[in-house]
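The structure appears below as structure tokens.
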Amino acid sequence: MHQIACHECDLIHTIPPMPESATARCVRCGALLLQSKADSINRTIAWTISGLILYAVAITFPFLAIKSGSIVQQTGLLSGIQQLFSQDIIPLAVLILLTCVLIPLMQMFGLLYVFVPLKLNIRVKFAINVFRLFQHVKPWSMMEIYMLGILIAMAKLGKMATIVPGLAVIAFGLLIFVLNFAITAVDSHMVWERLEGEP
Amino acid sequence: MKQTLVMARQLGLVSCHDCHLLSHMPELSANHAAYCPRCGGELHQRKPNSIMRTWALVIAAMIFYIPANLLPMTITSSLGSTQTDTIMSGVIYFIHEGSWQIALVIFTASILVPFMKIIILIYLLLCVQFKSIRHPKELTRLYRLTEAVGRWSMVDIYVVTILVALVKLGLIANIDAGPAAIYFASVVVMTMIAAECFDPRLIWDALEKQHE
Ligand SMILES: [Zn+2]
């Protein structure tokens, strides 16, 4: 039994030991209080490693190509961002670099940094800080929104030219799901309890 | 599971923002901070300066919303002619093309959601400031909704940058980002931070005072 306050309405709840894959909600406002996950550590690590492989494909292979008559032009995810930098739209270039490239990567490295030591039962420095950062950047990871942007851009060009998605887009699309599976496998209450008292 | 309706603050307890551990809030003298015994995060009964910060960001977002909608989002030059497009003209283009689904997606994500988000945040701020005790559950739900859907407004920025990076077809066509893109991106980022600054527990605090 332990006590917890709802983070949305501050109501105190006494939570009995939870069975696997159970959910506790606030009785007053309905906020999600706790969610216990089955086999959280193994599943998080497995999904995260698959995510990193897809990520490597997504940034190395051709992302989108544009075809207009006989002209074909290819761009990668990173070279597209580089284009934006060279055209002096630096704030937008930074925004995309963060939300679609760097933050997803940080999320995956962060998960491995916290979960691999938990799996091996060893302690590493700064695991608490890394996990805190992981929780804070979550809303700023926007790959799924970028994917919707690609679809709209394809429709928008319409008659002028056609956009041909490359192998990297497929990897990117899969990565959205895989990263999402990794994140939902995280049992944050368990992580905090195990990190307790670390340096 | 028996529940009595007690708020953590009434018992002198505080919940850590980061790890949700419940601990005792020590009496603090000025310029001192309390830290969570488990994760070391700074403890606050409520998010610091929540109302002021949220107001500041919402007002800034309101101001930026105007140029974001009036100025051109993209500048297309094709075979010697140039065409500028605002967010709304993009929506109208898709309606003319007959793809009303895409028009609806862009209209919702780029015009409706940021607008609704600003209105909802102002409404929540006013409810908290006037200590409204009506419908706290619905207000909390409204807050959760703005927090969840706000980030999807970013989609139009992505469309613009994809087009700009991709369409470099020499003399045939060229697309540049217009001045509205920066303003619009700022609106989305500021409303997202505003929602993060707002503390939904303030909605329930008024209710607590009513009981005393
Ligand atoms: Zn609650």
Side-chain angles (χ1 to χ4, degrees), chain A residues 2-16 27-31 33 64 66 68-69 71 73 75 79-81 83-84 87 89 91-93 95-96 99-100 128 131-132 135-136 139-140 142 145-146 148-150 152-153 155-158 160-161 163 188-189 192 195-197, chain B residues 1 3 5-9 11 13 15 17-22 38-41 78 90 93-94 97 99 102 105-106 136-137 140-141 143-144 147 151-152 154-170 172-173 176-177 181-182 185 189 192 196 200-201 203-205:
Chain A
H2 71 284
Q3 281 198 318
I4 189 171
C6 173
H7 54 280
E8 284 184 12
C9 77
D10 214 27
L11 188 73
I12 293 209
H13 295 77
T14 306
I15 311 274
V27 289
R28 182 161 72 170
C29 77
L33 294 177
L64 293 172
I66 182 165
S68 178
I71 309 172
Q73 230 185 5
T75 9
S79 63
I81 294 169
Q83 275 284 334
L84 299 176
Q87 287 175 58
I89 358 180
L92 294 186
L95 192 71
I96 310 235
T99 55
C100 299
I128 283 178
F131 195 62
R132 194 202 316 272
Q135 288 187 320
H136 280 286
W140 299 93
M142 302 190 179
I145 303 171
Y146 195 77
L148 180 63
I150 293 174
I152 294 177
K156 207 157 192 168
L157 277 178
M160 196 158 85
I163 295 181
S188 50
H189 180 69
W192 284 119
L195 292 179
E196 187 160 13
Chain B
M1 193 161 64
Q3 295 290 350
L5 295 182
V6 188
M7 283 169 95
R9 191 163 69 171
L11 302 177
L13 296 172
S15 172
H17 291 310
D18 294 324
C19 78
H20 294 175
L21 180 76
L22 204 57
R38 177 157 77 182
C39 76
S78 162
Y93 167 81
F94 278 114
E97 289 288 297
S99 9
I102 300 176
V105 169
I106 302 179
K137 198 169 175 177
T140 310
R141 227 177 258 160
Y143 169 72
R144 240 174 257 152
E147 217 188 5
R151 41 204 291 286
W152 285 91
M154 206 65 102
V155 71
D156 224 18
I157 291 297
Y158 291 153
V159 173
V160 171
T161 54
I162 291 164
L163 292 178
V164 169
L166 214 54
V167 184
K168 287 276 160 263
L169 296 171
I172 301 170
D176 284 311
I182 304 276
V189 170
M192 277 181 72
E196 252 170 68
R201 288 171 293 191
I203 298 169
W204 298 85
D205 282 345

pair [X]-[Y]: side-chain heavy atoms closer than 4.5 Å:
{"X": "B:Trp204", "Y": "A:Glu8", "result": "no"}
{"X": "B:Tyr158", "Y": "A:Cys100", "result": "yes"}
{"X": "B:Asp18", "Y": "A:His136", "result": "yes"}
{"X": "B:Val105", "Y": "A:Leu148", "result": "yes"}

Shortest non-hydrogen contact from [X] to [Y]?
{"X": "A:Ala5", "Y": "B:Leu22", "result": "CB-CD1, 3.6 Å"}
{"X": "A:Trp192", "Y": "B:Cys19", "result": "CD2-CB, 3.2 Å"}
{"X": "A:Gly149", "Y": "B:Val159", "result": "O-CG2, 3.5 Å"}
{"X": "A:Leu95", "Y": "B:Ala185", "result": "CD2-CB, 4.0 Å"}
{"X": "B:Ile182", "Y": "A:Pro91", "result": "CD1-CG, 3.7 Å"}

Structural part of [X] lying under 4.5 Å from a heavy atom of chain B:
{"X": "A:Leu64", "result": "both"}
{"X": "A:Ala31", "result": "both"}
{"X": "A:Gln3", "result": "both"}
{"X": "A:Gln135", "result": "side chain"}
{"X": "A:Arg132", "result": "side chain"}

Find the distance between [atom1] ([X]) and [atom2] ([Y]) and round it off to the nearest 0.5 Å.
{"X": "A:Ile12", "Y": "B:Leu13", "atom1": "CD1", "atom2": "CG", "result": "5.0 Å"}
{"X": "A:Ile150", "Y": "B:Ile162", "atom1": "CD1", "atom2": "CD1", "result": "5.0 Å"}
{"X": "A:Ile66", "Y": "B:Leu166", "atom1": "CD1", "atom2": "CG", "result": "4.5 Å"}
{"X": "A:Cys9", "Y": "B:Met7", "atom1": "SG", "atom2": "CE", "result": "6.5 Å"}

Would you mind checking which part of [X] comes under 4.5 Å of any heavy atom in chain A, side chain (CB onward), backbone (N, CA, C, O), both or neither?
{"X": "B:Ile203", "result": "neither"}
{"X": "B:Val160", "result": "neither"}
{"X": "B:Ser99", "result": "neither"}
{"X": "B:Arg144", "result": "side chain"}

Looking at [options], which makes the most heavy-atom pairs under 4.5 Å with chain A?
{"options": "B:Asp156, B:Val189, B:Val155, B:Leu21", "answer": "B:Val155"}
{"options": "B:Ser15, B:Ala8, B:Ala181", "answer": "B:Ala8"}
{"options": "B:Glu97, B:Met192, B:Arg151", "answer": "B:Arg151"}
{"options": "B:Ile102, B:Asp176, B:Leu163", "answer": "B:Leu163"}

Under the criterion ring-ring contact (aromatic ring centres under 6.0 Å, His included), I'd like the reasoning laid out for B:His20 against A:His7: C-alpha separation, chi angles, the key distance, then a yes or no. CA-CA 8 Å; B:His20 294 175; A:His7 54 280; 5.0 Å; yes
Which of the residues A:Ile81, A:Ile89, A:Ile96, A:Thr75 is involved in the greatest number of heavy-atom pairs with chain B at under 4.5 angstrom?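 Looking at each of A:Ile81, A:Ile89, A:Ile96, A:Thr75 in turn, A:Ile96 comes out on top.
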Could you give me the CA-CA distance, side-chain angles and deciding distance for B:Met154 and A:Tyr146, then say whether side-chain contact (heavy atoms from CB on, under 4.5 Å) is met? CA-CA 8 Å; B:Met154 206 65 102; A:Tyr146 195 77; over 6 Å; no
